[in-house]
Amino acid sequence: MKKILAFIALAIAFTSCSDDEMINDKLEGENEVVIEFDNGFAEDKLLLGTSTYTNGNGETLTINSFDYIVSNFVLITEEGEEYVYPKEKSYFIISEGGGDKVKKVQISLKEVPAGKYTQIKFGIGIDQERFKEGQAVQQDFWTLAESYNLTWNWQAGYKFVVLEGNYKEAAAVDENPFMLHIASRGTTVDLYKEVVLPMDVAIVSKEQSPQLHIKVDANTMLDGVSKVKLSEGATIMGGDKASLIAENYTNMFMVHHVHHTNHH
């Protein structure tokens with residue numbers, strides 16, 4: 001019996017020690033934070049051109065393009081301290097690919113200082129401050145965005161979120177194309193949005209590199225707080241409906257889980 005108790009005590013001590021090493025480590029140095037965007041539609045995986053999805057508006061959709069810009073990343077500790085990722089490096093394109101576009105669903109924040117982070121904040125689109133800096137300052141990113149069809153001309157600016165495909169109403173036989181190109185319009189209409197997402201503790205140290213898995217639900221764009229029916233207008237690039245969709249998609253992201261790798 002004593003041997004068994006001793007074994008249990010040793011097992012508890014070992015487990016506690018292992019947890020304490022992770023939690024009470026001095027968390028020195030810096031490391032990368034990898035963020036993967038898992039694009040879906042309602043509860044299903046998003047597959048371009050092949051799968052059909054029915055939304056809460058009674059419309060059946062086939063998705064051909066889903067591309068968007070995320071920016072201005074901030075990691076927030078449990079004490080509320082913020083690490084602001086360098087702004088000039090903080091603009092990324094997420095794309096399901098298709099056609100000539102390369103699928104791009106993972107990004108990396110380099111040299112993040114050690115800490116225990118419990119929230120992540122980021123923007124959807126390009127903020128006005130950055131846009132006003134002019135095309136020359138952001139030419140490389142502008143060229144990249146062009147290759148993903150995420151630009152208009154410079155005066156109109158970037159497209160923040162693009163969802164395209166075909167749809168049909170419940171009783172309809174024929175499909176019709178739809179296009180959602182949601183964005184600011186130069187400096188006249190500002191649809192840049194920010195989201196703050198809670199998450200399991202993401203530990204960064206010289207040994208620990210977290211990977212965040214963010215689930216993204218494209219269905220929320222039309223079938224969110226506001227219901228936007230494609231049958232009432234299938235090309236949306238501005239106006240009140242664009243504003244409603246922008247509000248909707250602030251709710252399309254959630255951190256599903258965090259895992260860590262030992263990474264020097």
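None of the values given here were measured: they were computed from a predicted structure.
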Beyond-backbone contact of [X] with [Y], side-chain heavy atoms, under 4.5 angstrom:
X: P177; Y: N166; result: yes
X: L150; Y: K159; result: yes
X: V161; Y: I245; result: no
X: L75; Y: M199; result: yes
X: Q211; Y: H213; result: yes
X: F178; Y: L61; result: yes
X: F141; Y: R130; result: no
X: L191; Y: S243; result: yes

What's the spacing between [X] [atom1] and [Y] [atom2] if we round to 0.5 Å?
X: I203; Y: Q208; atom1: CD1; atom2: CD; value: 6.0 Å
X: Q138; Y: T143; atom1: CD; atom2: OG1; value: 10.5 Å
X: D127; Y: K87; atom1: CG; atom2: NZ; value: 3.5 Å
X: T220; Y: M252; atom1: OG1; atom2: CE; value: 7.5 Å
X: K215; Y: H256; atom1: NZ; atom2: NE2; value: 5.0 Å
X: Q106; Y: F92; atom1: CD; atom2: CZ; value: 11.5 Å

Self-check item: Aromatic ring pairing F253/Y68, orientation class (parallel under 30°, perpendicular over 60°, tilted between)
Solution: perpendicular
Quiz item: Once the angle between the rings of F122 and F73 is folded into 0 to 90°, is it parallel (under 30°), tilted (30 to 60°) or perpendicular (over 60°)?
Solution: parallel
Smallest separation among heavy atoms of [X] and [Y], with atom names:
X: I182; Y: Y249; result: CG2-OH, 3.5 Å
X: L244; Y: S226; result: CD2-OG, 3.5 Å
X: N219; Y: A42; result: CB-N, 3.5 Å
X: E207; Y: N31; result: C-ND2, 4.0 Å
X: V102; Y: Y148; result: O-OH, 2.8 Å
X: S65; Y: L48; result: N-CD2, 4.0 Å

Quiz item: Any side-chain donor-acceptor pair under 3.5 Å between E32 and S108?
Solution: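 Result is yes, a qualifying pair exists.
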Exercise. Answer yes if the ring centres of Y83 and Y117 are under 6.0 angstrom apart, and no otherwise.
Key: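 Here the rings of Y117 and Y83 have centres that are no less than 6.0 Å from each other.
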Assigning hydrophobic clusters by single linkage (Ile, Leu, Val, Met, Phe, Trp, Tyr; side-chain heavy-atom cutoff under 4.5 Å), is [X] placed with [Y]?
X: I94; Y: V74; result: no
X: Y85; Y: I35; result: yes
X: V189; Y: I124; result: yes

Quiz item: So N57 and L230, side chain to side chain contact (heavy atoms under 4.5 Å, CB included) or not? Walk me through it.
Solution: CA-CA 9 Å; N57 302 326; L230 294 170; over 6 Å; no
Would you say the side-chain atoms of [X] pair up with the backbone N or O of [Y], donor to acceptor, closer than 3.5 Å?
X: D200; Y: H257; answer: no
X: S90; Y: N72; answer: yes
X: T261; Y: S209; answer: yes

Self-check item: Counterpart residues, salt bridge (charged side-chain N to carboxylate O under 4.0 Å, His left out), relative to K193 (two or more places apart)
Solution: E247
Self-check item: side chain to side chain contact (heavy atoms under 4.5 Å, CB included) evaluation trace for S71 with Y192
Solution: CA-CA 10 Å; S71 58; Y192 174 77; 3.6 Å; yes
Partner of [X] under side chain to side chain contact (heavy atoms under 4.5 Å, CB included), chosen from [options]:
X: L212; options: I107, L109, V258, L197; answer: V258
X: E96; options: V216, I63, L46, D67; answer: L46
X: Y53; options: D223, T60, L47, T62; answer: L47

Quiz item: When you check the gap from the basic side-chain N to the acidic O, do E175 and K168 get nearer than 4.0 Å?
Solution: no
Quiz item: Under the side chain to side chain contact (heavy atoms under 4.5 Å, CB included) criterion, do H181 and E164 qualify, and how do the steps go?
Solution: CA-CA 8 Å; H181 294 186; E164 296 180 350; 2.6 Å; yes
Quiz prompt | F131 vs W154, ring pair (Phe, Tyr, Trp, His ring centres under 6.0 Å): CA-CA, chis, key distance, verdict | solution = CA-CA 9 Å; F131 182 68; W154 177 252; 4.7 Å; yes
Quiz prompt | CD/E129: more than 12 non-hydrogen atoms of other groups inside 6.0 Å | solution =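 Counting other residues, nucleotides and ligands, CD of E129 stays at 12 neighbours or fewer.
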Practice problem: Evaluate side chain to side chain contact (heavy atoms under 4.5 Å, CB included) for K229 paired with E169, printing each intermediate quantity in order. | Solution: CA-CA 9 Å; K229 290 186 175 182; E169 296 176 71; over 6 Å; no
Please tabulate, for the side chains in residues 232-242, all donor-acceptor contacts under 3.5 angstrom to protein atoms that are two or more places apart in sequence or on a different chain.
residue : atom : partner : partner atom : Å
K241    : NZ   : E232    : O            : 3.0

Practice problem: Determine which pairs satisfy salt bridge (Lys or Arg N to Asp or Glu O under 4.0 Å) with at least one residue from residues 36-63, sequence neighbours left out, and list them in order. | Solution: D38-K45
